[in-house]
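Heads up: the structure comes next, in structure tokens.
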Amino acid sequence: MPLELITRVAGTGVHVPGDDIDTDRIIPARYLRVVSFDGIDAHVFEDDRAELKGAHPFDDARFAGASILVVNRNFGCGSSREHAPWALHDFGFRAIIGESFADIFFNNCFKNGLLPIVLPESAMDLLFNETFSFPGYELTIDLDRQVVVRPQGEEIPFEVQAFRRYCLMNGFDDIGLTLRHADKIRAY
């Protein structure tokens, strides 16, 4: 199945505070044995949410239906499980904005239809505070122009490697890229 095209993401932002949030916190290891990924989104941050007894940002009604995740440094560290971006995507996220990401998680996001955006600390502090402070804080991400647009209209530029940008904007995962040449493959 091809990936969704990502050219623009507009929606509510939700913050998840803390540096070094690992993939086991994003999706606990006990869910790695599933044969199908159907319903995996129900377990995103499950242990953190249980520990915080309703005080986790994902349990705050202000952030219901959020499509943009705002995170701190080294998000997605730990094991290289691809389940983490799958679960976040299935939960409804289409973009993750952070100060830095673990390399494998970062790459897995692109392969699974999530746009990870790296911004400097000053921009992240601003987005983190505003996302938390203002209910329903809306952001718009324009991948073609490579800007995050705040509600007041201010644009924060970001960079995405051209090939990755091309793939997201055209809905190509690794298989989709290969299938563009299906006729040549069959002929071979």
Side-chain angles (χ1 to χ4, degrees), residues 4 6 9-34 36-141 148-151 156 158:
E4 295 172 42
I6 296 180
V9 178
T12 302
V14 61
H15 71 288
V16 174
D19 293 335
D20 305 313
I21 292 179
D22 66 42
T23 54
D24 194 48
R25 286 182 59 195
I26 298 168
I27 187 72
R30 63 188 170 278
Y31 298 107
L32 302 184
R33 296 173 284 174
V34 297
S36 163
F37 293 107
D38 295 337
I40 197 168
D41 56 313
H43 307 291
V44 172
F45 286 105
E46 184 171 281
D47 295 342
D48 285 11
R49 294 168 80 179
E51 183 179 315
L52 293 174
K53 297 177 176 48
H56 190 276
F58 282 23
D59 297 321
D60 187 330
R62 298 181 311 155
F63 304 117
S67 58
I68 300 170
L69 183 58
V70 180
V71 299
N72 287 105
R73 293 178 193 91
N74 199 29
F75 187 79
C77 60
S79 71
S80 60
R81 64 186 64 149
E82 206 163 359
H83 294 66
W86 276 327
L88 290 168
H89 181 276
D90 288 356
F91 195 82
F93 292 107
R94 295 300 175 261
I96 306 173
I97 305 172
E99 200 171 323
S100 64
F101 298 91
D103 288 340
I104 294 173
F105 177 84
F106 186 76
N107 291 323
N108 283 339
C109 283
F110 286 105
K111 291 179 180 204
N112 291 286
L114 271 175
L115 171 60
I117 296 171
V118 177
L119 292 178
E121 182 178 6
S122 58
M124 290 310 305
D125 287 345
L126 177 73
L127 291 178
F128 216 74
N129 291 332
E130 290 182 347
T131 301
F132 177 75
S133 299
F134 301 108
Y137 188 78
E138 296 277 329
L139 293 167
T140 301
I141 298 166
V148 175
V149 183
R150 294 175 51 222
I156 304 169
F158 65 89

- Residues His89, Asp41; criterion side-chain contact (heavy atoms from CB on, under 4.5 Å); working and verdict: CA-CA 8 Å; His89 181 276; Asp41 56 313; over 6 Å; no

Could you tell me which non-hydrogen atom of [X] sits nearest to which non-hydrogen atom of [Y], and how far apart they are?
X	Y	answer
Leu114	Ala95	CD2-N, 4.0 Å
Ile40	Ala87	CG2-CA, 3.9 Å
Ile96	Cys109	CD1-SG, 4.2 Å
Gly11	Ile68	O-CD1, 3.8 Å

Given the side-chain rings of [X] and [Y], with only the six-membered ring counted for Trp, is the space between their centroids under 6.0 Å?
X	Y	answer
Phe93	Phe45	no
Phe128	Phe132	no
Phe75	Phe105	yes

- Task: Tell me, please, which residues at least two apart from Ala29 pass side chain to side chain contact (heavy atoms under 4.5 Å, CB included).
- Result: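 With sequence neighbours excluded, Ala29 shows a side chain to side chain contact (heavy atoms under 4.5 Å, CB included) to Asp24, Leu32, Arg81, given in chain and number order.
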
- Under 3.5 Å donor-acceptor, Ser67 side chain and Arg94 backbone: no

- Query: For Asp60, what residues pass the salt bridge (charged side-chain N to carboxylate O under 4.0 Å, His left out) criterion, not counting sequence neighbours?
  - Reply: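 By the salt bridge (charged side-chain N to carboxylate O under 4.0 Å, His left out) rule, Asp60 matches Arg62.
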
- Task: Output all residues satisfying salt bridge (charged side-chain N to carboxylate O under 4.0 Å, His left out) with Arg73, sequence neighbours left out; order by chain, then residue number.
- Result: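 If we apply the salt bridge (charged side-chain N to carboxylate O under 4.0 Å, His left out) test to Arg73, skipping adjacent residues, the hits are Asp19, Glu99, Glu121.
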
- Task: Start with the C-alpha distance between Leu69 and Val14, add both sets of side-chain angles, then the distance that settles side-chain contact (heavy atoms from CB on, under 4.5 Å), and finish with yes or no.
- Result: CA-CA 5 Å; Leu69 183 58; Val14 61; 3.9 Å; yes

Do [X] and [Y] have side chains that approach each other closer than 4.5 Å (heavy atoms only, starting at C-beta)?
X	Y	answer
Ile117	Ile141	yes
Pro85	Pro116	no
Leu139	Val148	yes
Met124	Val70	yes
Glu46	Arg30	yes

- According to the side-chain hydrogen bond (donor to acceptor under 3.5 Å, both in side chains) rule, which pairs have a member within residues 109-118, sequence neighbours left out?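 The answer is Glu82-Asn112, Trp86-Asn112.
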
- Residue pairs, two or more places apart or on separate chains, that pass salt bridge (charged side-chain N to carboxylate O under 4.0 Å, His left out) and touch residues 122-140: Glu130-Arg150

- Evaluate side-chain contact (heavy atoms from CB on, under 4.5 Å) for Ile97 paired with Phe158, printing each intermediate quantity in order. CA-CA 10 Å; Ile97 305 172; Phe158 65 89; over 6 Å; no

- Under the salt bridge (Lys or Arg N to Asp or Glu O under 4.0 Å) rule, what do Arg25 and Glu51 come out as? Steps first, then yes or no, please. CA-CA 12 Å; Arg25 286 182 59 195; Glu51 183 179 315; over 6 Å; no

- Task: Count the heavy atoms of every other residue, nucleotide or ligand shown that sit under 6.0 Å from CG of Asp59, and state whether that count exceeds 12.
- Result: yes

- Test log, rule ring-ring contact (aromatic ring centres under 6.0 Å, His included), inputs Phe58 and Phe91: CA-CA 10 Å; Phe58 282 23; Phe91 195 82; 4.9 Å; yes

- Pairing residues for Asn108 by the side chain to side chain donor-acceptor pair (under 3.5 Å) criterion, not counting sequence neighbours: none

